[in-house]
Amino acid sequence: AGFGVKNSLEYSSDCVYGGVYSYDYRIQGDWSPQDKDRLEQSVSQVQWVSEKNGIVKKGEKRETAACTIIGEGNYLSLTDAQGEKVILPEEGGVISQKTAELLDVKVGDGVQVRILGSSQKFEIKISNIVTVPAPQGIFLSQEAWEKTGNVFDGDSALTGSLNPKEWDSWQIISLKEQQSKFAEFSRALTIIFVMLIGASLLLGSVILYNLGMLSFVERYREYATMKVLGFYAGEIRGMGIRDWFLTSIPGWAAGSVLGFWFLRFITGLVSMKSFVFFPKLDLKWYLLISLISLIGSLGINLSVSLRA
């Protein structure tokens, strides 16, 4: 869990900053038509995005969720469960997986949306479910938003290269800054990861040693009888290694399955309505953990069998 939770945090961050969002700078403010024209003339590409909080309702279920309206551009992209890029429809919209689970929404269902601060309600037909850590909620294209009778204001501008000094009176944040802040958050939790890893190694060693001693005690008379019959100590230890192999390999396989399930449980537990952590464990860490477990188990088995 220690290695897996750390990997999950880093993987989810990479999915958002560099996956969902690929801009260099994000500029927020109350844009006038003149300001928008000036920005569009000063950079090669701008994608306008508007983010609003609203009430999303299906039947008796309702959730407060983000409603993200996305203008034309390539700085914000969404993917489905198969990793395929999702193209927003000109009518209706898509919903994030977490919000869909909370509202029990499936593809083809309709949901009712009301933006906070407005009394207007409108229906959105869900054409797809996107799998992204954040943002969670409803996603609409600019065309679909305007067809509901709303006006697209585009309060956030996503851009590539930009001279921040020309816009220092605006609220500007770079993608690198957001990645750095998330990395600081992850580093702040390092002590927790270290404690989890240390506790798991200590607990595993104690349990394996106690099980080894219990097995030795149960088979002590059997070992003594084998010595009387002429078996060498090496042959007895060889039988112990065989027993270790027959029990440890199935235990390692079952532990791997349960470990991944536990990682999914932990990431689901720390996930929020606005940010979902995806379970992830790098292959190198999985192999290292497996190697430590198997070698540690074998070492304890040999140390116990030396008493034979």
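Both backbone and side-chain heavy atoms feed into the values below; hydrogens, waters and symmetry mates do not.
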(message) Which heavy atom of S12 sits nearest to which heavy atom of V276, and what is that distance?
(response) OG-O, 4.1 Å
(request) Please identify each residue that fulfils ring-ring contact (aromatic ring centres under 6.0 Å, His included) with F275, with sequence neighbours left out. (result) F182, F277
(request) Start with the C-alpha distance between V105 and V56, add both sets of side-chain angles, then the distance that settles side chain to side chain contact (heavy atoms under 4.5 Å, CB included), and finish with yes or no. (result) CA-CA 11 Å; V105 173; V56 183; over 6 Å; no
(message) Can you confirm whether L140 sits close enough to I70 that some side-chain heavy atom of one is under 4.5 Å from a side-chain heavy atom of the other?
(response) no
(message) My understanding is that only residues two or more places apart in sequence, or in another chain, count here; which of them pass side chain to side chain contact (heavy atoms under 4.5 Å, CB included) with S180?
(response) E184
(message) Would C15 and V132 count as a side chain to side chain contact (heavy atoms under 4.5 Å, CB included) here? Give the steps.
(response) CA-CA 7 Å; C15 286; V132 294; over 6 Å; no
(request) Group every Ile, Leu, Val, Met, Phe, Trp and Tyr by side-chain heavy-atom contacts under 4.5 Å, then state whether F278 and L9 land in the same group. (result) no
(message) Hydrophobic clustering (ILVMFWY, side-chain heavy atoms < 4.5 Å, transitive) - are W285 and I295 grouped together?
(response) no
(request) Could you state whether V5 and L288 fall into the same hydrophobic cluster, counting links through intermediate Ile, Leu, Val, Met, Phe, Trp or Tyr residues with side-chain heavy atoms under 4.5 angstrom apart? (result) yes
(message) According to side chain to side chain contact (heavy atoms under 4.5 Å, CB included), who are the partners of I289, at least two apart in sequence or on a separate chain?
(response) F3, S293
(request) Could you list the residues that satisfy side-chain hydrogen bond (donor to acceptor under 3.5 Å, both in side chains) with S271, not counting sequence neighbours? (result) none
(request) Nearest 0.5 Å please: distance from the NZ atom of K85 over to the CG atom of N74. (result) 5.0 Å
(message) I'd like to check the side chain to side chain contact (heavy atoms under 4.5 Å, CB included) partners of D14; sequence neighbours left out, ordered by chain and number.
(response) none
(message) For a quick test of reading the model, state the closest non-hydrogen atom pair linking Q45 to G73 and the distance between them.
(response) NE2-CA, 3.6 Å
(request) Specify the closest pair of heavy atoms between S50 and D153, including all atoms of both residues, with the distance to one decimal. (result) OG-OD1, 2.8 Å
(message) Are the side chains of F265 and P279 in contact, using a 4.5 Å heavy-atom criterion?
(response) no
(message) Is it the case that atom NZ in K36 sees more than 12 heavy atoms from other parts of the structure closer than 6.0 Å?
(response) yes
(message) Less than 4.5 Å apart, side chain to side chain, heavy atoms only: is that true for L287 and K284?
(response) no
(request) Scan residues 16-40 for pairs that pass ring pair (Phe, Tyr, Trp, His ring centres under 6.0 Å), counting only residues two or more places apart or in two chains. (result) Y21-Y23, W31-W48, W31-W167, W31-W170
(message) Nearest 0.5 Å, please: how far is OG in S22 from CG in L158?
(response) 8.5 Å
(message) Is it the case that over 12 heavy atoms from other parts of the model lie below 6.0 angstrom from the CD atom of E40?
(response) yes
(request) Verify the neighbour count for atom CD of E90: are there more than 12 heavy atoms of other residues, nucleotides or ligands below 6.0 Å? (result) no
(message) Walk me through whether D30 and D155 qualify under side chain to side chain contact (heavy atoms under 4.5 Å, CB included).
(response) CA-CA 6 Å; D30 187 11; D155 51 13; over 6 Å; no
(request) Mind checking the CD-OG spacing from Q28 to S156? Nearest 0.5 Å is all I need. (result) 4.0 Å
(message) Quick check against the 3.5 Å criterion: does E63 have a side-chain atom that pairs as donor or acceptor with the backbone of L102?
(response) no
Compile the donor-acceptor pairs under 3.5 Å between side chains in residues 251-263 and protein atoms, sequence neighbours left out, one pair per line.
from, atom 1, to, atom 2, distance (Å)
W252, NE1, S290, OG, 2.9
S256, OG, W252, O, 2.9
S256, OG, Y286, OH, 2.9

(request) Answer with yes or no whether the hydrophobic clustering places L175 together with L76; edges join I, L, V, M, F, W, Y residues whose side-chain heavy atoms lie under 4.5 Å apart. (result) yes
(request) Could you tell me which residues satisfy side chain to side chain contact (heavy atoms under 4.5 Å, CB included) with S32, sequence neighbours excluded, listed by chain and number? (result) Q34, D35
(message) For the NZ atom of K280 and the CD atom of E10, what is their distance to the nearest 0.5 Å?
(response) 11.5 Å
(message) For N163, I'd like to know if atom CG has over 12 heavy atoms of other residues, nucleotides or ligands within 6.0 Å.
(response) yes
(message) If you compare all heavy atoms of N128 against all heavy atoms of D80, which two are closest, and at what distance to 0.1 Å?
(response) OD1-CB, 4.2 Å
(message) Looking at every heavy atom in both A134 and V16, which two are closest together, and how far apart are they?
(response) N-CG2, 3.9 Å
(message) Suppose we screen for salt bridge (charged side-chain N to carboxylate O under 4.0 Å, His left out). Which residues come up paired with K61, at least two apart in sequence or across chains?
(response) none
(message) Applying the side-chain contact (heavy atoms from CB on, under 4.5 Å) criterion to L78, which one of V94, T68, T131 satisfies it?
(response) V94
(message) I'd like to check the side-chain hydrogen bond (donor to acceptor under 3.5 Å, both in side chains) partners of D104; sequence neighbours left out, ordered by chain and number.
(response) K106
(request) Identify, with sequence neighbours excluded, every residue that meets salt bridge (charged side-chain N to carboxylate O under 4.0 Å, His left out) alongside D109. (result) K58
(request) Can you measure from CD (Q142) to CD (Q47) and round to the nearest 0.5 angstrom? (result) 10.5 Å
Can you give each donor-acceptor pair under 3.5 Å made by side-chain atoms of residues 111-125, sequence neighbours left out, with the distance rounded to 0.1 Å?
from, atom 1, to, atom 2, distance (Å)
R114, NH1, S118, O, 3.1
S118, OG, Q120, N, 3.1
Q120, NE2, T148, O, 3.1

(request) Decide if atom CZ of R38 counts as having more than 12 heavy atoms of other residues, nucleotides or ligands within a radius under 6.0 Å. (result) yes
(message) Hydrophobic cluster membership, with links at side-chain heavy-atom distances under 4.5 Å among I/L/V/M/F/W/Y: are V107 and I87 in one?
(response) no
(request) List the atom of V49, the atom of F152, and the distance in Å for their closest heavy-atom pair. (result) N-CZ, 4.2 Å
(message) In the structure I gave you, are the side-chain heavy atoms of R26 and Y75 within less than 4.5 Å of one another anywhere?
(response) no
(message) In the structure I gave you, are the side-chain heavy atoms of Y11 and P133 within less than 4.5 Å of one another anywhere?
(response) no
(message) Under a 3.5 Å distance rule, please check whether S141 uses its side chain to pair with a backbone N or O of P89 as donor and acceptor.
(response) yes
(message) Using side-chain heavy atoms (C-beta onward) and a distance below 4.5 Å, is I138 in contact with I95?
(response) yes
(request) Answer yes or no: are there more than 12 heavy-atom neighbours, outside E146 itself, under 6.0 Å from its atom CD? (result) yes
